[in-house]
Amino acid sequence: MGFDQDTTAHHFRLAANGGSIAVDVKRPGDNETRAQIRSHLKEIAVAFQRGNFDKPLMTHGEQPPGVPVLQRLKAELTYTYEDTDRGGLVRIVTRNADALAALHAFMKYQITEHATGDPLTVSN
């Protein structure tokens with residue numbers, strides 16, 4: 001990922017219309033890691049929009065659930081990167097029910113694999 005996992009916190013949040021992937025530095029003054037997070041998430045937003053999910057495959061050693069559908073329906077999803085105070089996030093939005101189900105399967109896998117403690121259900 002280009003940054004130390006021990007100095008960051010991942011969050012995968014489900015939403016009624018998609019979800020978000022956020023990575024934050026644990027120490028507010030860690031500017032180097034913050035820059036690495038932002039670079040990584042910008043790359044993720046572009047890659048996922050193109051249907052390229054190679055990075056999760058490399059990270060986890062297997063293809064996460066939902067990826068084939070996310071690739072097939074890539075035009076039905078938008079991935080938007082945003083800076084945050086402690087790092088960055090990628091917002092993912094879709095109106096397609098099949099894409100939404102695939103995204104939620106992908107996100108639930110990430111929540112479990114990264115042990116983020118984020119809810120496995122849609123929260124308001």
Side-chain angles (χ1 to χ4, degrees):
M1 287 187 203
F3 50 84
D4 184 347
Q5 299 296 302
D6 294 331
T7 64
T8 63
H10 285 73
H11 294 285
F12 300 86
R13 295 185 179 101
L14 306 177
N17 66 345
S20 64
I21 302 167
V23 183
D24 298 325
V25 293
K26 290 181 179 175
R27 291 182 302 112
D30 189 350
N31 296 325
E32 181 179 348
T33 302
R34 182 182 298 108
Q36 293 166 341
I37 288 167
R38 290 175 175 170
S39 176
H40 172 72
L41 289 179
K42 287 175 187 175
E43 290 173 7
I44 287 293
V46 171
F48 286 10
Q49 189 68 64
R50 292 179 178 157
N52 179 341
F53 287 80
D54 289 348
K55 288 187 188 274
L57 174 63
M58 289 187 299
T59 298
H60 300 287
E62 64 183 356
Q63 185 178 68
V67 167
V69 175
L70 294 172
Q71 290 172 320
R72 182 172 48 85
L73 298 177
K74 65 184 176 187
E76 299 292 326
L77 297 116
T78 58
Y79 299 85
T80 307
Y81 171 79
E82 299 173 24
D83 282 347
T84 64
D85 289 343
R86 289 192 157 203
L89 71 85
V90 176
R91 290 194 194 280
I92 309 151
V93 176
T94 186
R95 293 182 182 176
N96 181 291
D98 292 336
L100 182 64
L103 176 63
H104 283 179
F106 175 82
M107 300 283 278
K108 289 174 185 179
Y109 171 88
Q110 297 290 345
I111 290 166
T112 302
E113 286 292 303
H114 287 281
T116 65
D118 295 316
L120 294 171
T121 59
V122 173
S123 56
N124 295 332

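It should be emphasised that the depicted structure is a prediction, and the values quoted were computed from it without experimental measurement.
Side chains of Ile92 and Thr78 form no contact here, defined as non-hydrogen atoms less than 4.5 Å apart. Looking at heavy atoms from C-beta onward, Phe106 lies in side-chain contact with Val67 at the 4.5 angstrom threshold.
Tested against Leu41, the residues Val46, Thr84, Val90 include a single side-chain contact (heavy atoms from CB on, under 4.5 Å) partner, Val90.
The hydrophobic cluster containing Val69 also includes Leu73, under a criterion of side-chain heavy atoms closer than 4.5 Å among ILVMFWY residues, counted directly or through chains of members.
Contacts classified as salt bridge (charged side-chain N to carboxylate O under 4.0 Å, His left out) and involving residues 66-82 (residues at least two apart or in different chains) are given here: Glu82-Arg91. Within the structure, no pair that satisfies the salt bridge (charged side-chain N to carboxylate O under 4.0 Å, His left out) test touches residues 94-109, not counting sequence neighbours.
Distance check: Gln110 CD to His10 NE2 gives 8.0 Å after rounding to the nearest 0.5 Å. Residue Leu89 holds its CG atom at 13.5 Å from CD1 of Ile44, rounded to the nearest 0.5 Å.
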| task | Please step through side-chain contact (heavy atoms from CB on, under 4.5 Å) for the pair Leu77 and Val93, ending with a clear verdict. | result | CA-CA 6 Å; Leu77 297 116; Val93 176; over 6 Å; no
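Cluster membership for Phe48 and Leu103, using ILVMFWY side-chain heavy atoms within less than 4.5 angstrom, is shared. Under a hydrophobic clustering in which Ile, Leu, Val, Met, Phe, Trp and Tyr are joined whenever their side-chain heavy atoms come within less than 4.5 Å, directly or via other members, Tyr81 and Ile37 fall into the same cluster. Clustering ILVMFWY residues whenever any of their side-chain heavy atoms sit less than 4.5 angstrom apart, transitively, puts Phe12 in the very cluster that holds Val122.
In this structure, the side-chain hydrogen bond (donor to acceptor under 3.5 Å, both in side chains) partners of Thr116, at least two apart in sequence or on a different chain, are Asp118. Every residue meeting the side chain to side chain contact (heavy atoms under 4.5 Å, CB included) condition with Pro119, not counting sequence neighbours, appears here in chain and number order: Thr121. With sequence neighbours left out, Arg38 forms a salt bridge (charged side-chain N to carboxylate O under 4.0 Å, His left out) with Asp83.
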Throw together a table of side-chain donor-acceptor distances under 3.5 angstrom for residues 15-32, partners on residues two or more places apart or in other chains.
residue, atom, partner, partner atom, Å
Lys26, NZ, Asp6, O, 3.2
Asp30, OD1, Thr33, N, 3.1
Asp30, OD1, Thr33, OG1, 3.0
Asp30, OD2, Thr33, OG1, 2.9
Asn31, OD1, Arg34, NH1, 2.4

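Using the six-membered ring where Trp is involved, Phe53 and Tyr79 have ring planes that are perpendicular, over 60° apart on the 30 and 60° scheme.
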